[in-house]
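Inspection log for the structure reproduced underneath, given as structure tokens.
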Amino acid sequence: MSREETQAPERLLKHRKKTGREFWKDKIRDSEELKTRQAEYVTSVPTHSNVVFYESMSGARMMDSPYALFLHLYNDLDFKKLHHVWSVRSADLIPDEFRDDPRVTFVTRGTDAHLYFLALAGYIIGNSLLPEYFVRKPDQKYLNTWHGIAYKALGRTDASPLGAAGSVYNLLQATHVLTPCPFMTEEELTRFSLRGVFSGSMAEIGYPRQDLTLNMSESSAIRLRETLVLDPTKKTVLYAPTWRGNKGSARFDGEQLQRDLEALAKLDANVIFQAHHIMLRHIKHVDYGNIIVPPANTTANELLAVTDLLISDYSSIFFDFLATDNPVVHYLYDYEDYTEDRGLLLDQNDLPGPIASTADELISMVSSLISEPYQPTVQYQQARERFCPHDDGQASLRTIRWFMRGDESGIKQVEARTRPTTIFWGGRLDKTRKTEVFLDTLDAVAKVGDKDVTLLVAHSVKSNAVAMERIRQLDASISIVARDDFEMIMTAAEKQARHGSDNPQATEKHVEKSSVWNRLKDALVRNEKATEPDEELLEAMYRREYRRVFGDAQFDELVEFDELSGFWRKLAQHALK
């Protein structure tokens with residue numbers, strides 16, 4: 001019997017379809033099979049109120065706000081009956097103290113176990129994106145904490161007017177969305193199209209991960225310093241840069257890093273280097289010399305607790321460090337290139353610390369700042385008030401009271417829907433004058449200012465120059481949801497009903513992505529042959545797909561594009577209150 005299987009109580013495993021290695025270890029490589037198994041579990045596995053599922057950065061490791069919340073719940077006697085399930089990419093990243101703990105189960109993304117516990121959990125806590133095939137059940141509670149304050153451009157931008165579809169879906173499916181400050185609240189409402197759409201509870205609470213920094217005990221700090229072999233007679237400097245480029249084309253200049261580390265090694269200080277996890281594959285051949293590299297399972301917020309000075313670039317880690325009142329130096333050697341390539345939401349005047357453009361400037365600034373006691377500047381204090389108003393070491397407690405207990409007293413609530421809501425259901429649109437008229441009408445309704453207006457389009461609209469030029473001109477107050485080209489999640493019975501097959505074995509086989517013409521033919525066959533039970537199955541399938549994109553959101557008014565296909569009209573039936 002596997003280690004994981006001995007951890008999970010038998011009562012939690014009685015509804016699974018697979019056992020042994022097939023359940024715990026084997027990844028499901030076929031994307032359609034993943035969707036089908038998820039749908040089967042969602043419809044057949046009852047929600048268990050004592051199971052909490054956690055995932056940080058797609059399973060990168062136990063980290064960030066989900067980890068802070070886990071530690072609080074794990075140690076709170078009021079929640080001792082909870083069973084905790086963590087999604088992690090590798091068993092090597094599991095902290096030793098939880099490795100054989102019967103209260104904690106570990107699963108890997110893409111396995112049957114991952115699908116099963118996602119469907120079983122009464123509570124889900126994540127800081128980024130759950131898989132695209134995830135659909136929250138109505139009786140599940142899902143908290144999305146996000147993973148930082150936005151320094152880099154994100155979501156909907158001038159360069160990407162349709163926004164980040166996966167992030168939008170995940171946030172709209174959440175029952176609870178947490179933000180750290182008014183600045184980030186506004187960014188999430190606008191750039192992730194939550195305004196006028198999100199129907200759950202949104203609150204400014206502060207990031208629970210900050211508690212890991214602010215509440216670290218002296219004994220824990222001593223153990224960490226010993227683990228890192230820090231010289232107690234010297235100040236500690238942490239260099240924590242982020243990656244360059246965009247998702248899918250991430251990069252980092254290893255030669256630049258090598259030169260910078262050699263310069264930093266000359267400091268009369270303990271110098272720690274902490275790479276963003278996306279960077280790691282690009283810096284494999286860097287020689288760290290006497291620079292300290294923490295163990296892989298060390299969290300960034302734990303490092304901040306023993307850091308006297310932080311060197312940051314475009315990483316949001318500097319926001320976290322503001323709570324310590326210790327100095328920050330911004331090392332922006334490629335500022336113009338980075339700004340043009342990725343885009344920034346803050347300019348240099350918004351930054352709390354001095355800015356270095358060369359390694360020589362960096363070493364000079366750091367040496368000066370660690371040589372005497374630091375007194376936060378006015379600019380530093382203003383940044384702390386703007387970005388960290390709730391960093392008091394109690395964010396985890398407030399979050400658990402709000403999310404787990406439903407107690408909103410003393411919580412700063414944010415209303416995402418303050419006016420009547422109208423959704424313009426565009427679907428794939430087209431390149432005719434009808435598209436321009438449709439979008440002009442949307443724009444006119446939004447400019448009246450008495451409604452929250454949302455546009456739904458297919459993500460394939462990005463190849464329609466006529467539509468994209470008009471969408472790019474829309475005011476930022478208009479939310480935009482772009483459904484990706486995604487074959488719907490179906491149970492075996494739904495798949496059989498949709499494809500009109502009389503052969504039950506056909507539902508077990510991979511269904512290849514069909515052409516537009518084949519999908520149209522399938523639709524015609526379904527319209528002719530579908531029985532009443534089949535219609536119920538198809539209705540359940542469309543309802544699930546609507547929930548995948550919009551969660552519980554519904555609208556007061558629906559305006560449909562004239563040339564919508566049957567698919568888009570069928571999906572639209574779930575949009576109105």
Side-chain angles (χ1 to χ4, degrees), residues 52-74 84-88 118 121-131 134 136 140-151 154-155 164 166-189 191-192 194 198 200-215 277 299-302 304 315-317 319-320 323 387-406 408 411-414 416 551:
V52 187
F53 184 100
Y54 308 84
E55 187 171 271
S56 284
M57 305 305 290
S58 303
R61 60 177 179 263
M62 297 173 76
M63 59 184 285
D64 205 80
S65 291
Y67 182 56
L69 293 170
F70 159 74
L71 290 177
H72 195 106
L73 289 169
Y74 181 88
H84 307 273
V85 181
W86 267 96
S87 167
V88 292
L118 258 181
Y123 300 91
I124 299 169
I125 299 174
N127 74 342
S128 184
L129 279 67
L130 292 169
F134 168 72
R136 179 183 57 80
Q140 289 179 309
K141 294 174 73 174
Y142 169 29
L143 167 65
N144 191 301
T145 68
W146 204 242
H147 50 270
I149 296 173
Y151 179 13
L154 80 172
S167 299
V168 174
Y169 305 156
N170 265 270
L171 288 164
L172 290 181
Q173 284 198 65
T175 56
H176 296 70
V177 169
L178 173 156
T179 77
C181 59
F183 170 81
M184 193 58 191
T185 297
E186 181 60 27
E187 294 302 321
E188 291 199 38
L189 286 171
R191 297 183 181 277
F192 291 137
L194 302 188
F198 180 65
S201 179
M202 188 174 188
E204 282 178 18
I205 289 178
Y207 280 139
R209 71 186 187 192
Q210 289 292 75
D211 297 352
L212 299 175
T213 301
L214 297 173
N215 299 338
H277 69 274
T299 71
N301 287 89
E302 291 170 332
L304 294 182
S315 168
S316 63
I317 192 173
F319 295 109
D320 292 32
F387 300 117
C388 311
H390 303 289
D391 287 354
D392 58 0
Q394 300 298 310
S396 295
L397 184 63
R398 286 192 296 272
T399 301
I400 288 168
R401 180 161 53 81
W402 168 62
F403 176 58
M404 304 289 290
R405 300 187 186 278
E408 298 179 353
I411 301 295
K412 184 180 178 182
Q413 295 286 328
V414 177

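Side chains are part of it too, since the values below use all heavy atoms of this structure and drop only hydrogens, waters and symmetry mates.
- Residues Y169 and L130 have side chains not in contact (no heavy-atom distance under 4.5 Å, counting atoms from C-beta outward).
- In this structure, K412 NZ and T185 OG1 are separated by 7.0 Å, a value rounded to the nearest 0.5 Å.
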Determine, step by step, whether T399 and H176 satisfy the side-chain contact (heavy atoms from CB on, under 4.5 Å) criterion, reporting the C-alpha distance in whole Å, the side-chain angles of both residues, the deciding distance to 0.1 Å, and the verdict. CA-CA 10 Å; T399 301; H176 296 70; over 6 Å; no
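- Nearest heavy-atom pair across M184 and A150 is SD-N, 3.4 Å.
- Counting heavy atoms from C-beta outward, L189 and M202 have side chains that approach closer than 4.5 Å.
- Taking every heavy atom of both residues into account, P66 and E55 meet most closely at CG-O, 4.0 Å.
- Proximity of N215 to H72: side-chain heavy atoms (C-beta onward) are nowhere separated by under 4.5 Å.
- Using a 3.5 Å distance cut-off with no hydrogens or angles, the side chains of Q394 and D211 do not pair a donor with an acceptor.
- Side-chain contact check for L212 versus Y67: some heavy-atom pair is nearer than 4.5 Å.
- When side chains are defined from C-beta on, V414 does not count as touching V177, because their heavy atoms never get closer than 4.5 Å.
- Between H390 and I205, the closest side-chain pair of non-hydrogen atoms is not below 4.5 Å.
- Scanning both residues, L172 and L194, for their nearest heavy atoms gives CD2-CD2, 3.7 Å.
- Remark: aromatic rings of F192 and F198 are distant, center separation not under 6.0 Å.
- Between P208 and A68 the shortest heavy-atom distance is O-CB, 3.3 Å.
- Of the residues D64, T145, N144, the one that meets the side-chain hydrogen bond (donor to acceptor under 3.5 Å, both in side chains) test with N127 is D64.
- In this structure the side chain of N301 never reaches within 4.5 angstrom of the side chain of Y207, judged on heavy atoms.
- Between F387 and I149 the shortest heavy-atom distance is O-CD1, 3.4 Å.
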Assess whether side-chain contact (heavy atoms from CB on, under 4.5 Å) is satisfied between W402 and Q413, documenting all intermediate values. CA-CA 10 Å; W402 168 62; Q413 295 286 328; 3.6 Å; yes
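- Here the two rings, on F319 and F183, have centers that are 6.0 Å apart or farther.
- A distance of 12.0 Å separates CG of L69 from CZ of R209, quoted to the nearest 0.5 Å.
- Within the 4.5 Å cutoff, no side-chain heavy atoms of S201 are placed close to those of K141.
- For Y142 against G126, the heavy-atom pair with the smallest separation is CE1-N, 4.2 Å.
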